[in-house]
Amino acid sequence: MTSSNSLRGKVALITGAGRAGGIGASIAEKLATLGCRVVLTDIAETGMGLGDKKELETRCAEIMNALESIPNAEAGSVSSAICDVTQEDSVAETCAEIYRTHERLDIVINNAGIGFLMASLMDVSLEDWDRVLNVNLRGPFLLTKHAAPLMIRNGQGGRIINIASQAAKSGFPHASSYVSSKHGLIGLTRVSAIELGEHGITVNAVCPNHITTGLGSWQNSYFSDLLGQSEEAYLAAMRERIPLGRPGKVTDIASMCGFLCQDEAGYITGEAINVSGGEEMH
Ligand SMILES: NC(=O)c1ccc[n+]([C@@H]2O[C@H](COP(=O)([O-])OP(=O)(O)OC[C@H]3O[C@@H](n4cnc5c(N)ncnc54)[C@H](O)[C@@H]3O)[C@@H](O)[C@H]2O)c1
């Protein structure tokens, strides 16, 4: 993978990018270092697994600091916006505001997700089911619906990347809503790729395995409890079954997104690409 400057001046919206150590912030930093003007968005609410406004602003400041070491002519710029991906008005307004400010929108990274409402299938409340599906599947649908016309308006194609999961390919216990939402996201990716291909917009899903982010550490604790193991033993078993011998890092996902956004990846669409150290191979 090269780091050509094909992204210089492009505008990228990343959802759910506010949390420390999260995948979204890492993708934002990667795209900014490749020359994008990045807009980090998040729900800006306090609560379990949610990034608040202060966190979002801190992430922007961190990325701006990181950009300082890059020559001005190469680095992009960073800003933030509040966007609840489950609300159509919020999504539509965020996309429109970015277009008004930058006069273009080239890249959307559907990263926002919740993965902490786990329970056995027979105990999942309808409310929790809907909450997970709304963030993980309705959100990417709304972003695609409202961003695609703006990409088409500029006539220069675009990139939509849906951050799915290993759970988009395999089932896991106590994760019916999460697994269903991520499997659904692959379906959305395929249909979007078919419908938007004629406009030069590629749509792909990236499927990470485990990464110890805020969401990931909650899952470590939940699943090690479920299996009656210490977290240490749970993580050791995980390392054992991953051919490359370690869980993922946020930068692994950011690198794949950086590649998919570049001109070199312009013939790749409708794919669900594993970035899982070989743990998931289909
Ligand atoms: N960490 C992992 O092991 C792992 C593995 C596979 C896939 N993923 C996926 O990667 C993505 C990022 O997860 P992460 O691990 O960085 O977790 P994270 O908790 O750091 O990030 C999730 C973000 O989604 C945001 N969010 C939640 N509800 C929202 C809403 N209604 N509107 C806007 N934003 C909302 C949260 O505020 C948070 O910033 C998720 O889609 C997740 O499913 C994570």
Side-chain angles (χ1 to χ4, degrees), residues 13-29 39-59 80-91 94 108-118 130-143 161-170 172 175 177-186 188 205-223 235 238 242 246-254 256-257 272-277 279-280:
L13 182 174
I14 300 113
T15 66
R19 292 190 78 201
I23 294 171
S26 182
I27 297 170
E29 180 172 339
V39 185
L40 283 77
T41 71
D42 213 317
I43 188 171
E45 272 179 22
T46 43
M48 189 172 161
L50 301 176
D52 65 23
K53 190 162 186 288
K54 199 156 167 259
E55 275 198 282
L56 187 58
E57 284 161 4
T58 307
R59 290 300 77 69
S80 67
I82 306 305
C83 178
D84 179 347
V85 300
T86 68
Q87 301 303 311
E88 186 156 20
D89 289 353
S90 175
V91 170
T94 302
V108 168
I109 312 286
N110 282 310
N111 168 74
I114 50 177
F116 53 83
L117 294 171
M118 304 279 172
D130 285 345
R131 193 167 161 209
V132 173
L133 269 287
N134 283 346
V135 177
N136 295 5
L137 187 53
R138 180 210 276 220
F141 158 67
L142 289 176
L143 263 298
I161 300 177
N162 296 323
I163 306 301
S165 171
Q166 179 178 28
K169 307 267 184 97
S170 295
F172 296 90
S177 57
Y178 189 75
V179 166
S180 302
S181 69
K182 296 296 188 179
H183 274 67
L185 190 51
I186 302 300
L188 176 69
V206 172
C207 302
N209 64 335
H210 174 77
I211 303 175
T212 301
T213 58
L215 182 157
S217 24
W218 186 91
Q219 290 182 348
N220 289 342
S221 154
Y222 184 88
F223 286 113
L235 287 169
M238 182 188 293
I242 299 172
R246 63 163 176 84
K249 297 180 193 160
V250 291
T251 48
D252 296 323
I253 309 311
M256 176 53 74
C257 291
I273 302 166
N274 300 318
V275 180
S276 71
E279 189 180 7
E280 198 72 43

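Note that the numbering runs from 1 along the sequence shown for the chain. One-based numbering, in listed order, for ligands and for the atoms of each. Since this is a predicted model, take the numbers as computed values, not measurements.
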Verdict with reasoning, Thr41 to Leu13, per side-chain contact (heavy atoms from CB on, under 4.5 Å): CA-CA 7 Å; Thr41 71; Leu13 182 174; 4.0 Å; yes
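Ligand 1 does not have Asn136 within reach: every non-hydrogen atom of the residue lies 4.0 Å or more from it. The shell of residues lying under 4.0 angstrom from ligand 1, judged by heavy atoms, includes Cys83. Using 4.0 Å as the threshold, Cys207 has no heavy atom nearer than that to any atom of ligand 1. The shortest separation from a heavy atom of Thr15 to ligand 1 is not under 4.0 Å, leaving the residue out of contact.
Atom 36 (C) of ligand 1 has Gly49 O, 3.3 Å as its closest protein atom, hydrogens excluded (heavy atom only). With hydrogens left out, the protein atom closest to atom 14 (P) of ligand 1 is Thr213 OG1, 3.6 Å, a heavy atom. Nearest protein heavy-atom contact of atom 39 (O) of ligand 1 is Asp42 OD2, 2.6 Å. Atom 17 (O) of ligand 1 has Leu215 CB, 3.3 Å as its closest protein atom, hydrogens excluded (heavy atom only). The single protein non-hydrogen atom nearest to atom 44 (C) of ligand 1 is Ile23 CD1, 3.7 Å, given as residue, atom name and distance. The single protein non-hydrogen atom nearest to atom 42 (C) of ligand 1 is Tyr178 OH, 3.5 Å, given as residue, atom name and distance. Summary of contacts: the protein heavy atom closest to atom 4 (C) of ligand 1 is Asn209 O, 4.1 Å. Of the protein's non-hydrogen atoms, Ile211 N, 2.8 Å is the one closest to atom 3 (O) of ligand 1.
Between the side chain of Arg59 and the backbone N or O of Gly18, at least one donor-acceptor pair lies under 3.5 Å. No donor-acceptor pair under 3.5 Å is formed between the side chain of Ser181 and the backbone N or O of Val132. Judged by distance alone, the side chain of Ser180 and the main-chain N or O of Ser177 form no donor-acceptor pair under 3.5 Å. Looking only at distances, no side-chain donor or acceptor of Ser165 sits under 3.5 Å from a matching main-chain atom of Cys207. Between the side chain of Asn136 and the backbone N or O of Lys182, no donor-acceptor pair lies under 3.5 Å. In this structure a side-chain-to-backbone donor-acceptor pair under 3.5 Å is present from Asn274 to Glu280. A distance-only check finds no donor-acceptor pair linking the side chain of Thr251 to the backbone of Ala254 [under 3.5 Å]. Of the possible polar contacts, one joining the Asp52 side chain to the Lys54 backbone as a donor-acceptor pair under 3.5 Å is found.
Applying the side-chain hydrogen bond (donor to acceptor under 3.5 Å, both in side chains) criterion to Arg138, with sequence neighbours excluded, gives Asn134. Residues passing the side-chain hydrogen bond (donor to acceptor under 3.5 Å, both in side chains) test with His210, sequence neighbours excluded: Thr212, Asn220.
The side chain of Lys182, and not its backbone, has at least one atom closer than 4.0 Å to an atom of ligand 1 (non-hydrogen atoms only; side chain from C-beta on). Using a 4.0 Å cut-off between heavy atoms, Asn111 contacts ligand 1 through both its backbone and its side chain.
Per-residue contacts place Ile114 under 4.0 angstrom from the following atoms of ligand 1 (heavy atoms of the residue considered): 27 (C). Which parts of ligand 1 touch His210 is read off a 4.0 Å heavy-atom cut-off, strictly below it: atoms 3 (O). Heavy-atom contacts of Thr86 reach the following atoms of ligand 1: 31 (N) (cutoff under 4.0 Å). Close approach of ligand 1 to Asp84 is summarised as follows: ligand atoms under 4.0 Å from at least one heavy atom of the residue are 30 (C), 31 (N), 32 (N). Residue Gly22 has at least one heavy-atom neighbour below 4.0 Å for each of these atoms of ligand 1: 16 (O), 20 (O). Ligand-side atoms of ligand 1 in range of Ser165: 6 (C), 7 (C), range being under 4.0 angstrom from any heavy atom. The distance from ligand 1 to the heavy atoms of Gly51 drops below 4.0 Å at these ligand atoms: 36 (C), 37 (O). Atoms of ligand 1 lying under 4.0 Å from at least one heavy atom of Ile163, given by number and element, are 9 (C), 10 (O), 11 (C), 41 (O).
Geometrically, ligand 1 and Gly16 share a nitrogen or oxygen pair separated by less than 3.5 Å. In terms of polar-atom proximity, defined here as any N/O pair under 3.5 Å, Leu50 makes no such contact with ligand 1.
Summarising the geometry, atom CD1 belonging to Ile23 is positioned 8.0 Å from atom CG belonging to Leu215; distances are rounded to the nearest 0.5 Å. Here Asn110 contributes atom CG and Leu142 contributes atom CG; the two are 9.5 Å apart, rounded to the nearest 0.5 Å. We find the SG-CG distance between Cys83 and Leu56 to be 10.5 Å, quoted to the nearest 0.5 Å. Here the CD1 atom belonging to Ile242 is positioned 4.5 Å from the CG atom belonging to Asn209, to the nearest 0.5 angstrom.
For atom 24 (O) of ligand 1, the choice among Gly115, Ala164, Gly113 with the nearest heavy atom turns out to be Gly113.
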